[in-house]
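Owing to the predicted nature of the structure, the values given are computational and were not obtained by experimental measurement. Order of listing sets the numbers, starting from 1, for every ligand and every atom in it. We use all heavy atoms of the structure for the numbers below, so side chains are in, but hydrogens, waters and symmetry mates are not.
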Amino acid sequence: MKVIHDGREMDIRALWYQNESIRFIDQKILPHRFGYLDALSVEDVAMFIEDMTVRGAPSIGAAGAYGMALAEITGMNLEHAAQRLKRTRPTAFDLFFAVDRMLAAANEGQDLIDAADSYVDEIAEKCRLIGEQGNAIIPEGARILTHCNAGALATIDYGTALAPIRAAHNAGKKIHVFVDETRPRLQGAALTSWELVQEGIPHDVIPDNAAGHLMQRGEIDLCIVGADRISASGDFANKIGTYEKAVCAKESNIPFYTAAPVSTFDFSLTDGFDIPIEERDQDEVRYVGSELVCPEEASARNPAFDMTPAKFLTGIITEAGIFKPGELDQEKLQ
Ligand code: MRU
């Protein structure tokens with residue numbers, strides 16, 4: 001991804017392996033500061049996933065893969081490392097997919113740094129292909145709504161929902177992106193907007209509760225969001241608020257797509273209600289930054305994801321093509 005920092009343009013990923021450690025862009029401090037944090041152990045990686053230094057389904061998967069490589073380097077029992085990493089966040093399937101891939105690689109006697117590097121390269125390439133596939137459904141002049149951050153930060157590189165948007169922009173299409181701010185952690189306002197600024201892609205950040213209004217007034221032509229876990233039926237979990245946007249889009253006859261690589265598909269599930277939904281600390285809702293925004297006595301609920309039934313989807317953009325939810329081809333997604 002293109003990052004302009006201190007007047008210097010860099011082409012970097014959300015995380016990478018170097019000198020027996022994993023370097024992460026610290027996603028907690030964006031957009032006003034830019035910096036890195038290094039993980040030297042499995043515990044560091046697990047804590048960075050939990051505190052959202054790294055977030056977004058494919059990037060969490062990449063962190064899990066490199067975490068397993070660190071387990072090998074530091075001599076930690078691989079099963080224990082896998083259990084610790086899998087306990088961090090429950091919803092994104094990529095984490096489980098990646099960690100199991102590393103366990104299988106270890107059983108085959110592969111070097112886990114090489115295995116993690118090739119896993120991460122493979123997922124980044126799939127995201128690039130999602131961009132190529134998804135560019136086809138973006139018309140010239142399209143006004144596109146996206147939710148949360150499904151950009152390069154969330155996916156190692158390119159993005160899932162943002163990959164087609166990047167590809168359309170790079171192809172010279174005049175597009176405009178509406179970015180839901182994405183309460184409570186503001187991944188849209190802080191991270192998606194930051195990525196779009198780096199690329200010079202025109203956009204407006206909107207309050208989460210403005211999307212229905214803009215759809216009803218004909219100001220949005222299509223919606224593209226990411227996914228944290230997609231069932232075999234096409235029901236999918238994504239950042240809290242996605243379901244509401246999909247319902248509004250259907251009401252206004254606006255095409256609604258999710259975009260994800262194979263690592264996000266959990267073909268063992270047919271019913272989206274079986275996807276585990278993470279519930280986070282209520283203070284993420286009670287506070288905005290350091291400011292308490294409700295009475296001290298108020299309690300809050302903080303479900304981090306919701307489930308959008310497949311019937312609200314126009315299509316699923318993958319590296320292998322765009323599928324209608326009822327026509328998912330597992331064979332092609334390998
Ligand atoms: O809680 P987060 O920030 O990890 O949630 C991220 C999302 O919901 C993204 O939309 C999803 O991971 C898809 S990113 C490719």
Q. Taking atom types as modelled and ignoring hydrogens, do the side chains of Asp180 and Thr182 form a donor-acceptor contact shorter than 3.5 angstrom?
A. no
Q: Please state whether the rings of Phe256 and Phe236 are parallel, tilted or perpendicular, taking 30° and 60° as the class boundaries.
A: tilted
**Q.** Part of Lys239 within contact of ligand 1 (heavy atoms, under 4.0 Å)
**A.** both
(Q) Among Thr258, Asp228, Thr242, which one puts a heavy atom closest to atom 8 (O) of ligand 1? (A) Asp228
Q) Does an N or O from Ala57, backbone or side chain, lie closer than 3.5 Å to an N or O of ligand 1? A) yes
Q: Have a look at ligand 1 and work out which part of Thr264, if any, has a heavy atom under 4.0 Å from it: side chain, backbone, both or neither.
A: neither
Exercise answer: donor-acceptor pairs, residues 21-28 side-chain atoms, under 3.5 Å, sequence neighbours excluded:
from	atom 1	to	atom 2	distance (Å)
Ser21	OG	Gln18	O	2.9
Arg23	NE	Asp38	OD1	2.8
Arg23	NH2	Asp38	OD2	2.9
Asp26	OD1	Lys28	N	3.0
Asp26	OD1	Lys28	NZ	3.0
Gln27	OE1	Arg55	NH1	3.0
Gln27	NE2	Leu153	O	2.9
Lys28	NZ	Thr53	OG1	2.8

Q.
My understanding is that we take every heavy atom of each candidate and find the minimum distance to atom 15 (C) of ligand 1. Doing that for Ile240, Leu162, Thr160, which one comes out nearest?
A. Thr160
Q) Can Gly56 be said to touch ligand 1, with heavy atoms closer than 4.0 Å? A) yes
Q) Any side-chain heavy atom of Leu313 sitting closer than 4.5 Å to one from Thr258? A) yes
Q: Would you mind telling me if ligand 1 is within reach of the side chain of Pro58, the backbone, both or neither, using heavy atoms under 4.0 Å?
A: side chain
(Q) Does this structure show an ion pair linking Asp266 with Arg229, if we count only N-O contacts that are shorter than 4.0 Å? (A) yes
(Q) According to side-chain hydrogen bond (donor to acceptor under 3.5 Å, both in side chains), who are the partners of Thr242, at least two apart in sequence or on a separate chain? (A) Asn238
Q | For atom 4 (O) of ligand 1, the option (of Gln187, Arg89, Met52) bearing the nearest heavy atom | A | Arg89
Q | Residue and atom name of the nearest protein heavy atom (relative to atom 6 (C) of ligand 1), distance in Å to one decimal | A | Arg55 NH2, 3.5 Å
Q. Using heavy atoms and a threshold below 4.0 Å, how should the contact between Arg185 and ligand 1 be classified: side chain, backbone, both, or neither?
A. neither
Q.
Please identify which of these residues, Glu296, Glu297, Glu291, meets the salt bridge (Lys or Arg N to Asp or Glu O under 4.0 Å) condition with Arg286.
A. Glu296
(Q) Looking at every heavy atom in both Pro303 and Glu279, which two are closest together, and how far apart are they? (A) N-OE2, 3.7 Å
**Q.** Closest protein heavy atom (residue, atom, distance) for atom 10 (O) of ligand 1
**A.** Asn238 OD1, 2.6 Å
Q: Run the salt-bridge test on Arg166 and Asp157 with the 4.0 Å N-O cut-off and return the result as yes or no.
A: no
Q) In ligand 1, which numbered atoms sit nearer than 4.0 Å to a non-hydrogen atom of Thr155? A) 15 (C)
Q: Give the atoms of ligand 1, by number and element, whose distance to some non-hydrogen atom of Phe305 is under 4.0 Å.
A: 1 (O), 5 (O), 8 (O)
Q) Does ligand 1 have any atom that is closer than 4.0 Å to a heavy atom of Val225? A) no
